[in-house]
Amino acid sequence: LDVYTEDVSDGKYVTIVTFDNNSSINIYTSAFNGIKDVTNNMESIFEAYEKPKENYIKNDIEISI
């Protein structure tokens, strides 16, 4: 998982989340978005990313046993 942010224009940004399979999500924000809004969005993406990964690991362990 790789996360970075770029300036788009004055007060506007894009945060790019690139996953292990090289797919990515672009999150557009502006200076008017509060830090809480941005943090909640990022946490939601992280949780959605981790949950299938955990299920995959559990399934992999069950298959290995």
K.L.:
Would Val17 and Asp2 count as a side chain to side chain contact (heavy atoms under 4.5 Å, CB included) here? Give the steps.
P.N.:
CA-CA 6 Å; Val17 181; Asp2 189 30; over 6 Å; no

K.L.:
Holding to ring-ring contact (aromatic ring centres under 6.0 Å, His included), I want the full list of residues that pass it with Phe19, two or more places apart in sequence or in another chain.
P.N.:
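Partners of Phe19 under the ring-ring contact (aromatic ring centres under 6.0 Å, His included) test: Tyr49.
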
K.L.:
So, Asp20 side chain and Leu1 main chain: donor-acceptor pair closer than 3.5 Å or not?
P.N.:
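Answer holds: yes.
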
K.L.:
With sequence neighbours excluded, tell me which residues meet side-chain hydrogen bond (donor to acceptor under 3.5 Å, both in side chains) with Asn21.
P.N.:
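Testing Asn21 for side-chain hydrogen bond (donor to acceptor under 3.5 Å, both in side chains), a comparison that skips the adjacent residues, returns Ser23.
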
K.L.:
Restricting to side-chain hydrogen bond (donor to acceptor under 3.5 Å, both in side chains), what partner residues turn up for Ser44, sequence neighbours left out?
P.N.:
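Listed in chain order: nothing, the list is empty.
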
K.L.:
For residues Tyr13 and Ile25: do they belong to one hydrophobic cluster (side chain heavy atoms under 4.5 Å, members Ile, Leu, Val, Met, Phe, Trp, Tyr)?
P.N.:
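No; Ile25 is not reachable from Tyr13 via cluster members.
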
K.L.:
Just jot down the side-chain hydrogen bond (donor to acceptor under 3.5 Å, both in side chains) partners of Thr15, sequence neighbours excluded, or say none.
P.N.:
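In terms of side-chain hydrogen bond (donor to acceptor under 3.5 Å, both in side chains), with neighbours along the sequence ignored, Thr15 is linked to Thr5.
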
K.L.:
Got a sec, which hydrophobics cluster with Val8, joining ILVMFWY side chains under 4.5 Å apart, including via others?
P.N.:
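Direct or chained contacts put Val8 with Tyr4, Val14, Ile16, Tyr28.
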
K.L.:
List in chain and number order the residues that pass side-chain contact (heavy atoms from CB on, under 4.5 Å) with Asp37, two or more places apart in sequence or in another chain; answer none if no residue qualifies.
P.N.:
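Scan of Asp37 (side-chain contact (heavy atoms from CB on, under 4.5 Å), adjacent residues dropped) gives none.
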
K.L.:
What do you reckon, is CG of Asp10 surrounded by more than 12 foreign heavy atoms closer than 6.0 Å?
P.N.:
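Check fails, neighbour count at 12 or below.
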
K.L.:
According to side-chain contact (heavy atoms from CB on, under 4.5 Å), who are the partners of Ser9, at least two apart in sequence or on a separate chain?
P.N.:
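side-chain contact (heavy atoms from CB on, under 4.5 Å) list for Ser9, sorted by chain: Lys12.
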
K.L.:
Return the CG to CG distance between Asn33 and Asn40, rounded to the nearest 0.5 Å.
P.N.:
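Nearest 0.5 Å value for the CG-CG distance: 11.5 Å.
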
